[in-house]
Amino acid sequence: MAASTFPTTTMFDWYDRHGRSLPWRHRWPDLAPAYHVWLSEIMLQQTVVTTVIPYFLEFTRRWPDVCDLAAAEQDEVMAAWAGLGYYARARNLHRAARIVCGEHAGRFPDEVAGLRGLPGIGPYTAGAIAAIAFGRRSTVVDGNIERVLARYFAIATPLPAAKPEIGVFYDAILPSERPSDFPQALMDFANAVCTPRNPGCETCPLAEECAARHAGTPESWPVKAPKKIKPERSGIAFVAIAGDGQAFMVTRPERGMLGGMLAFPSAGWTQDDAAYDADSPFASAPFAADWRLAGDSVSHVFTHFSLSMDVAVAGIEDPGPATDWHRVRPASLPTLMRKVWTVARREV
Ligand code: SF4
C-alpha cells in the first residue's frame, strides 16, 4: 500500500479527542521543555508510563532543570532512580546532564545529530526529543508505532529486520504540520486502540484502509522472528545483619549489571562472576560468618536472562569498621536487591 494513503488528519482528530494528558506533554503549537522530554524518554525506555509518572514528578521536583540534576551527586541520582531498573540509564542521564549544563550552557542540542552525541541517547530518543521538544520532522519509531505501521501497511518483513523499512514508511507519512504531536498521537493510538492483543478494529478510525484488518488477522503483525529461549542463570546474595539492624553492603562496579548501585554482595550470576555452585554455596561469601541459606530464593527476569538467586543470611555480633554497614532503605535498592532483602529479613 502506498504510504500516501495514511490518514494523518484522522489520526490528529483521534488524538485531539482521546490523547493522554501526561506530566511531560504539551500540545502543538506549544513545545514541551527539552529537559522534560529527555527525562521522560530515558525513563520510558523499557518502562511503562504508569511506572514512570511518579519518578518523573519526583525528579522534576528535586531537580527542576538540567543544571540542578547536573549538580546532584551521582549517588543521589542512582538512589532516586532505584526501582526503574536498567541502571546504566541513570548513570548516562547524570553524565548527559553534566555535559548539557557544562558544555552547552544548559541547552539541549536541537537536532538529531547533536542529541546523538550525548550519553544514553540513541536514534529513537534523539528523534523523539528533536520532534517533541523542538518540532523537528525527525523519525520517531518505537515499538508501539512499529505495530501500527506494520499492521496498517501489512509489512511482511519480520522484526527486527523490518525496522529500517518501517522507518521509511514513517518518514513518508510524517506530515509537515504538528510534527511534535504526530509521534505522540501514534503512540497513544497504539496503546489505546491498536493494542498488541485484541486490537479495537471494530471502532478503529483507520480500519477502512488498514491492510492487516482486511487480511482478517491483525494480530499477525508485526511479523516476528522466532523467539530465542531466554537463558537461565543462578547466583547467591549474602545478607549480613548486625545487631543494630544495619546490613553489609557494597557499591557495585560502575560497568555491568546494577552498575554503581549499593547492593548486597552477590556471586555467580553476572558474566564476570565464576558460575555459582549450589553444592558449596558459601564459597564466595564476603567474609567468614555463620552463613545459612534462607528458605526461599528470589526469581528475577532481566532482558537477556532469567535469574534464580539463593539468599544466604548471617547475624553478626560485632560488625567491625562501620563504612560498609548501612541502614537498608528498600526504596533505594534495585528491584532484585529489594527482593533479596524481603527474603532475608524474614530469616534474621
Ligand atoms: S484496524 Fe485494527 S489493526 Fe488496523 S490500525 Fe486499526 S486497530 Fe490496528
Side-chain angles (χ1 to χ4, degrees), residues 1-22 24-25 27-28 37 40-41 44-53 123-125 127-128 130-132 135-227:
M1 183 189 301
S4 57
T5 61
F6 192 83
T8 51
T9 307
T10 305
M11 182 53 55
F12 283 134
D13 288 346
W14 181 89
Y15 184 59
D16 289 340
R17 276 181 284 127
H18 304 292
R20 290 174 288 191
S21 279
L22 298 171
W24 49 85
R25 180 171 282 177
R27 298 290 182 121
W28 181 266
V37 177
S40 62
E41 288 294 341
L44 285 164
Q45 291 167 4
Q46 320 272 358
T47 312
V48 297
V49 166
T50 47
T51 303
V52 164
I53 287 174
Y124 162 77
T125 306
I132 298 170
R136 299 271 184 192
R137 294 184 71 248
S138 49
T139 309
V140 188
V141 181
D142 71 347
N144 288 309
I145 294 178
E146 273 172 5
R147 184 168 66 254
V148 175
L149 300 191
R151 287 176 178 171
Y152 188 83
F153 296 111
I155 294 170
T157 313
L159 283 172
K163 282 175 183 288
E165 194 179 337
I166 294 174
V168 169
F169 273 99
Y170 182 90
D171 290 344
I173 65 171
L174 178 61
S176 50
E177 56 180 12
R178 302 175 67 175
S180 59
D181 281 352
F182 189 63
Q184 299 186 92
L186 279 174
M187 286 176 207
D188 280 15
F189 176 79
N191 262 297
V193 182
C194 196
T195 49
R197 295 202 189 106
N198 301 319
C201 304
E202 298 305 323
T203 56
C204 174
L206 307 188
E208 203 173 309
E209 295 286 345
C210 174
R213 154 99 161 144
H214 284 294
T217 53
E219 289 182 44
S220 314
W221 282 270
V223 179
K224 295 208 176 87
K227 259 198 175 163

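Remember, it's 1-based here, ligands and their atoms both numbered in the order they're listed. In this text the structure is predicted, and so the values were computed from the model without any measurement. We number each residue from 1, following the sequence as shown.
In this structure, atom 2 (Fe) of ligand 1 lies nearest to the protein heavy atom Cys201 SG, 2.4 Å.
Closest approach of Ile173 and Thr8 over heavy atoms only: O-CG2, 3.4 Å.
Close approach of ligand 1 to Arg151 is summarised as follows: ligand atoms under 4.0 Å from at least one heavy atom of the residue are 3 (S). Close contacts between ligand 1 and Ala207 involve ligand atoms 1 (S) [criterion: under 4.0 Å to a heavy atom]. Within the listing of ligand 1, atoms 1 (S) sit less than 4.0 angstrom from a heavy atom of Arg213. Taking every heavy atom of Pro218 and a limit of under 4.0 angstrom, the matching atoms of ligand 1 come to 3 (S). Set against the non-hydrogen atoms of Cys204, the atoms of ligand 1 under 4.0 Å away are 1 (S), 5 (S), 6 (Fe), 7 (S). Of all the atoms in ligand 1, the ones that sit under 4.0 Å from a non-hydrogen atom of Cys210 are 1 (S), 3 (S), 4 (Fe), 5 (S).
Glu219 has no carboxylate O lying under 4.0 Å from a charged side-chain N of Arg197, or vice versa, which leaves the two without a salt bridge.
In this structure, Arg137 is not positioned above the aromatic face of Phe182 in the sense of NZ or CZ being under 6.0 Å from the six-membered ring centre and within 45° of the axis.
Using cut-offs of 30° and 60° on the angle between ring planes, the pair Phe189 and Trp14 is perpendicular.
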Test side chain to side chain donor-acceptor pair (under 3.5 Å) on Tyr124 and Glu41 and set out the steps. CA-CA 9 Å; Tyr124 162 77; Glu41 288 294 341; 3.0 Å; yes
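Here Cys194 meets the criterion, with an N, O or S atom under 2.8 Å of atom 8 (Fe) of ligand 1.
Here the CD1-CD distance, from Ile166 to Glu146, works out to 4.5 Å after rounding to the nearest 0.5 Å.
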